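So the structure is just underneath, and the comments pick up after that.
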Amino acid sequence: MLDRIRGQLEMLSSAERKVAELVLEQPYTVIQAAVADIAKSAGVSQPTVIRFCRTVGCSGLPDFKLKLAGSLVTGVPYVHSSVRPEDPTSEIVAKVFDNTVSALLKCRNDVNPQAIEAAVRLLTDAHRIEFYGLGNSGIIAADAQHKFFRFGIPTVAYSDTHIQMMAASVLGPDDVLVAISSSGRTMELLEAVDVAIAAGAKVIALTTSGSPLARRATVSLIADTLEDNETYSPMISRIVHLVQIDILAVSVALRRGPGLIRQLEKTKHSLKNRRLDNKQPE
């Protein structure tokens, strides 16, 4: 429905175009609004709202709302809209959720199982795993290290560029560096990756397709999201990268077999008992 409205914008009358622009900007608000409220917000008459609904192929406003709601549920055309300063809270909530859900679904559909399998194989066989990221990606690297150190593999996360360079230089052929970058173009991270490759280490990249980081990596796990990383702090790519880390962690845990599962359960049980022992009597 939203694609249809965009395609017909030039053919609409000036009054109907005002309704169309309102729908494109605030679709969730329109779904919940009465015809009088829609007309007032668009600055047109109520008959114009009904006429617009018929122009886009609906029998009336109820039919239009039904089809519009179905379009939003599928999350295809609208989810790339940007949040605007004038958006009401309900619109902001819907847009942020829809953008994130759409990015996750796109990543799921675009994921390369062979790349995931190759990355899991490298991580499972690694003697040491290091996670590098800067800024938001540094937080993701820390989250990854928190997941992987429980598997009995020596792991560490670095978000300082100088330490990354020094640590990369002492990696070896049996080690794996996981480099995380939403842009894949941060020069300091690329330099550390080059040092690690020269030392013989394997590199897994979580980044965007076609980036310098993706081209350098032994295995690239791609997350192409529609967001302006030059202006805003990466949000959607951060969520996608976290999910990719979860996929790798779950896969490595399963690959390492029942012994690891028992080890994790034992660790969890020990921590639970320690909390109970340290509980102060009332």
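Remember, it's a predicted structure, so these values are computed and weren't measured experimentally. Values below: all heavy atoms of this structure, side chains included; hydrogens, waters and symmetry mates excluded.
- Proximity of Ser59 to Arg54: side-chain heavy atoms (C-beta onward) are nowhere separated by under 4.5 Å.
- Taken together through direct or relayed side-chain contacts under 4.5 Å among Ile, Leu, Val, Met, Phe, Trp and Tyr, Ile180 and Val203 form parts of separate hydrophobic clusters.
- Linking ILVMFWY side-chain heavy atoms closer than 4.5 Å, directly or via other members, places Ile140 and Ile116 in a single hydrophobic cluster.
- At a threshold of 4.5 Å between side-chain heavy atoms, the hydrophobic network of Ile, Leu, Val, Met, Phe, Trp and Tyr places Val178 and Leu190 in two separate groups.
- Using a cut-off of 4.0 Å between Lys/Arg side-chain N and Asp/Glu carboxylate O, Lys67 and Asp63 are scored as salt-bridged.
- Around the NZ atom of Lys18, the shell of radius 6.0 Å holds no more than 12 heavy atoms that belong to other residues, nucleotides or ligands.
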side-chain contact (heavy atoms from CB on, under 4.5 Å) between Leu189 and Thr161: does it pass, once the steps are laid out?
CA-CA 7 Å; Leu189 181 62; Thr161 56; over 6 Å; no
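- The main-chain N or O of Ala168 is found under 3.5 Å from a side-chain atom of Tyr132 such that the two form a donor-acceptor pair.
- In this structure, CG in Asp160 is found 7.0 Å from CD in Gln164, a value given to the nearest 0.5 Å.
- At least one side-chain heavy atom of Ile5 sits less than 4.5 Å from a side-chain heavy atom of Val23.
- No donor-acceptor pair closer than 3.5 Å links the side chain of Lys40 to the backbone N or O of Ser45.
- A heavy-atom distance below 4.5 Å is not found between the side chains of Ile129 and Asp175.
- Using a 4.5 Å heavy-atom threshold, the side chains of Leu248 and Val250 count as separate.
- The OG1 atom of Thr155 lies 10.5 Å from the CZ atom of Arg150; values are rounded to the nearest 0.5 Å.
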Report the C-alpha separation of Phe148 and Val252 in whole Å, then their side-chain angles, then the decisive distance to 0.1 Å, and conclude whether the side-chain contact (heavy atoms from CB on, under 4.5 Å) test is met.
CA-CA 9 Å; Phe148 275 83; Val252 170; 3.9 Å; yes
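- Rounded to the nearest 0.5 angstrom, Glu16 CD and Gln8 CD are separated by 9.5 Å.
- Residue Ala199 comes nearest to Leu171 through the heavy atom pair CB-O, 3.3 Å, listed as atom of the first residue, atom of the second, then distance.
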Given side-chain contact (heavy atoms from CB on, under 4.5 Å), test Ile139 with Asp143 step by step and report yes or no.
CA-CA 6 Å; Ile139 299 173; Asp143 178 81; 5.8 Å; no
Please evaluate residues Met165 and Glu191 with respect to the criterion side-chain contact (heavy atoms from CB on, under 4.5 Å), reporting the C-alpha separation (whole Å), side-chain torsions for both, the decisive distance (0.1 Å), and the verdict.
CA-CA 7 Å; Met165 286 287 290; Glu191 291 174 349; 3.9 Å; yes
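- In this structure, a donor-acceptor pair under 3.5 Å is present between the side chains of Arg51 and Thr48.
- The minimum heavy-atom distance between Gly57 and Arg4, with the atom names listed, is CA-NH1, 4.2 Å.
- Here the side chain of Ser220 pairs a donor or acceptor atom with the backbone of Ala214 at under 3.5 angstrom.
- Panel note: side chain Arg215, backbone Gly210; a donor-acceptor pair is recorded below 3.5 Å.
- No hydrogens or angles considered: nothing links the side chains of Ser211 and Thr208 as a donor-acceptor pair under 3.5 Å.
- Taken from CG in Asp224 to OG in Ser237, the straight-line distance is 10.5 Å, to the nearest 0.5 Å.
- Counting only heavy atoms from C-beta outward, the side chains of Ile38 and Leu22 approach each other to under 4.5 Å.
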So Arg255 and Glu117, salt bridge (charged side-chain N to carboxylate O under 4.0 Å, His left out) or not? Walk me through it.
CA-CA 11 Å; Arg255 184 69 61 87; Glu117 173 66 24; 2.9 Å; yes
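- For Asn109 (side chain) and Leu105 (main-chain N/O), a donor-acceptor pair under 3.5 Å exists by modelled atom type.
- Between the CD1 atom in Ile239 and the CD atom in Gln244 there is a gap of 12.0 Å [rounded to 0.5 Å].
- In this structure, Arg121 contributes its side chain and Ala119 its backbone to no donor-acceptor pair below 3.5 Å.
- Between the side chain of Lys202 and the backbone N or O of Pro173 there is at least one donor-acceptor pair closer than 3.5 Å.
- One finds the OG atom of Ser41 at 7.0 Å from the CD atom of Gln26 (value rounded to the nearest 0.5 Å).
- The cluster map of Ile, Leu, Val, Met, Phe, Trp and Tyr, joined by side-chain heavy atoms under 4.5 Å apart, puts Leu134 and Leu221 in different clusters.
- When all heavy atoms of Ala126 and Ile153 are compared, the closest pair comes out as O-CG2, 3.8 Å.
- Contact check for Ile245 versus Leu206: side-chain heavy atoms found under the 4.5 Å cut-off.
- Under a 4.0 Å N-O distance rule, the pair Arg128/Glu130 qualifies as a salt bridge.
- Considering only heavy atoms from C-beta on, Ile204 comes within 4.5 Å of Leu123 through its side chain.
- Residue Leu9 is grouped with residue Phe64 when hydrophobic side chains (ILVMFWY) are merged at heavy-atom distances under 4.5 angstrom, including chains of intermediate members.
- Of all heavy-atom pairs spanning Thr207 and Gly184, the tightest one is OG1-CA, 3.2 Å.
- Considering every non-hydrogen atom in both Ser137 and Ser182, the closest pair reads OG-N, 3.9 Å.
- Nearest heavy-atom pair across Leu68 and Pro27 is CD2-O, 3.8 Å.
- Put simply, the side chain of Ile247 does not reach to within 4.5 Å of the side chain of Val120, judged on heavy atoms.
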Chi angles and distances behind the salt bridge (charged side-chain N to carboxylate O under 4.0 Å, His left out) call for Asp246, Lys147
CA-CA 8 Å; Asp246 286 347; Lys147 290 182 172 68; 3.3 Å; yes
